[in-house]
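Here is the structure we will look at.
Below, all heavy atoms of this structure are taken into account, side chains as well, without hydrogens, waters or symmetry copies.
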Amino acid sequence: MCVANINMGAMRDNARALVATGGDLPLLADVSADGHGHGAVQAATAALEGGASWLSVSSVADAATLRHAGIRAPILASFLAADQAQDAASWGLAVRVPGVELPRFFEPGIALYGLGSDSIRWGVSPAMRVSARVVMTKAIGPGDGVSYGYTFRAASATNLAMVAIGYADGLDRSAGNVASMLLGGTQRTIAGRVAMNAAVLDLGEDQSSVGEEAVLFGGAGEPSVRSWASAIGISEDEVVTVFGRSLARSYR
């Protein structure tokens with residue numbers, strides 16, 4: 001009922017744009033933290049197809065996942081503990097440590113995923129879209145409360161839609177009464193506290209139906225990751241990494 005849809009084509013196109021931006025410097029594609037929630041193998045594959053020369057990870061486990069998937073591109077490991085050096089060598093990793101000379105890279109970080117302050121300037125597009133389905137609708141009257149602790153009370157009669165995504169799915173609990181989702185072509189504020197597997201949207205006089213899609217963020221014409229992150233006071237990277245590692249992912 002809730003999903004993170006990952007656009008492989010967007011990541012490939014982003015890599016191509018970043019290769020052009022980096023000029024003569026080889027593109028180092030950061031696929032740490034399971035590809036920042038986009039899937040390490042999928043992100044690495046798209047980046048390499050788009051022209052990346054190296055991949056970057058922050059753990060031996062991430063690198064092992066790539067090698068098991070048949071990826072043979074050079075991998076740079078950063079932030080490893082000293083006792084991981086031998087494991088890193090066994091997977092054929094270069095390790096970023098003082099005194100070890102490495103090539104100079106163009107390192108655009110989360111721009112591979114269409115995120116970050118330079119995303120517009122570099123011509124990259126978001127690769128993740130998070131959405132969930134309406135599972136229940138309800139009308140309430142003036143003064144009626146919503147969700148735990150009734151931190152939201154209706155000022156007047158209003159319609160509600162319960163959406164199947166909550167904090168167990170990566171939806172930050174601070175989103176209650178602050179963030180919104182796109183439903184029926186309009187941004188709808190989350191009413192009350194976020195529950196484990198559900199959030200409630202305030203529709204006002206509008207109506208919704210079970211099965212209708214609510215979009216947290218996505219591509220052109222939809223709310224952005226940046227707007228979602230800004231609403232709840234965290235970074236874009238944290239948003240996608242948490243959702244991508246909490247939700248079922250689909251790829252196109």
Quick one: does any side-chain atom of [X] pair with a main-chain N or O of [Y] as donor and acceptor, under 3.5 Å?
X	Y	answer
His68	Thr65	no
Glu107	Leu28	no
Thr45	Val41	yes
Asp34	His36	no
Ser147	Arg193	yes

Side chain to side chain donor-acceptor pair (under 3.5 Å) partners of [X], counting only residues at least two apart:
X	value
Asp206	Arg188
Arg153	none
Asp87	none

Any side-chain heavy atom of [X] sitting closer than 4.5 Å to one from [Y]?
X	Y	result
Asp118	Arg121	yes
Tyr251	Gln42	yes
Trp54	Leu27	no
Leu48	Leu55	yes
Val130	Met128	yes
Asn14	Tyr113	no
Ser209	Thr137	no
Met181	Gln187	no

Atom [atom1] in [X], atom [atom2] in [Y]: separation rounded to 0.5 Å?
X	Y	atom1	atom2	answer
Ser131	Leu182	OG	CG	11.0 Å
Phe217	Glu236	CZ	CD	10.0 Å
Ser208	Glu213	OG	CD	11.0 Å
Trp122	Ser117	CH2	OG	7.5 Å
Leu76	Ser56	CG	OG	5.0 Å
Arg16	Glu49	CZ	CD	8.0 Å

Do you know which two heavy atoms are closest between [X] and [Y], and how far apart they sit?
X	Y	answer
Ala63	Val57	CB-CG2, 4.0 Å
Leu112	Ala43	CD2-O, 4.5 Å
Ala29	Ala47	CB-CB, 3.7 Å
Ser58	Ala33	OG-N, 4.4 Å
Ala154	Gly141	CB-O, 3.6 Å
Asp172	Ser174	OD1-OG, 2.7 Å

- [ ] Quick one: do Phe105 and Leu25 satisfy side chain to side chain contact (heavy atoms under 4.5 Å, CB included)? Show the steps, please.
- [x] CA-CA 5 Å; Phe105 300 110; Leu25 293 177; 5.9 Å; no
Honestly curious: do [X] and [Y] fall in one hydrophobic cluster under the side-chain, below-4.5 Å linking rule?
X	Y	value
Leu203	Ile165	yes
Trp228	Val242	no
Val215	Leu201	no
Val3	Leu216	no
Ile110	Val239	yes

Going by atom types alone, do [X] and [Y] pair a side-chain donor with an acceptor below 3.5 Å?
X	Y	result
Thr158	Asp202	yes
Ser246	Asp169	no
Ser32	Asp30	yes

Would you call [X] and [Y] a salt bridge, using N to O less than 4.0 angstrom?
X	Y	result
Arg104	Asp24	no
Glu238	Arg245	no
Glu212	Arg133	no

Task: Stepwise side chain to side chain donor-acceptor pair (under 3.5 Å) check, Arg129 with Asn7 - done: CA-CA 8 Å; Arg129 179 179 189 268; Asn7 188 330; over 6 Å; no
Task: Pairing residues for Ser119 by the side-chain contact (heavy atoms from CB on, under 4.5 Å) criterion, not counting sequence neighbours - done: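 Scan of Ser119 (side-chain contact (heavy atoms from CB on, under 4.5 Å), adjacent residues dropped) gives Val124, Arg226.
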TODO: Walk me through it: do Trp91 and Leu66 pass the test side chain to side chain contact (heavy atoms under 4.5 Å, CB included)?
DONE: CA-CA 10 Å; Trp91 292 108; Leu66 299 178; over 6 Å; no
- [ ] Identify, with sequence neighbours excluded, every residue that meets ring-ring contact (aromatic ring centres under 6.0 Å, His included) alongside Tyr167.
- [x]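 Here no residue qualifies.
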Open item on the list: Run the side chain to side chain donor-acceptor pair (under 3.5 Å) test on Ser235 and Asp237 for me, step by step, so that the C-alpha distance in whole Å, both residues' side-chain angles and the decisive distance to 0.1 Å come before the verdict.
Closed with: CA-CA 5 Å; Ser235 70; Asp237 192 22; 5.5 Å; no
- [ ] Apply the test side chain to side chain contact (heavy atoms under 4.5 Å, CB included) to residues Arg72 and Arg67: give CA-CA distance (whole Å), side-chain angles for both, the deciding distance (0.1 Å), then the verdict.
- [x] CA-CA 6 Å; Arg72 296 290 172 257; Arg67 294 299 191 220; 3.7 Å; yes
TODO: Under the side chain to side chain contact (heavy atoms under 4.5 Å, CB included) rule, what do Ser250 and Ile6 come out as? Steps first, then yes or no, please.
DONE: CA-CA 6 Å; Ser250 67; Ile6 312 299; over 6 Å; no
TODO: Before giving the answer on side chain to side chain donor-acceptor pair (under 3.5 Å), spell out for Thr151 and Asn177 the whole-Å C-alpha distance, their side-chain angles and the decisive distance to 0.1 Å.
DONE: CA-CA 8 Å; Thr151 61; Asn177 300 311; 3.0 Å; yes
Task: Apart from Leu160 itself, residues in the same hydrophobic cluster as defined by side-chain heavy atoms under 4.5 Å - done: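 Cluster partners of Leu160: Met1, Val135, Met136, Ile140, Val146, Phe152, Met162, Val200.
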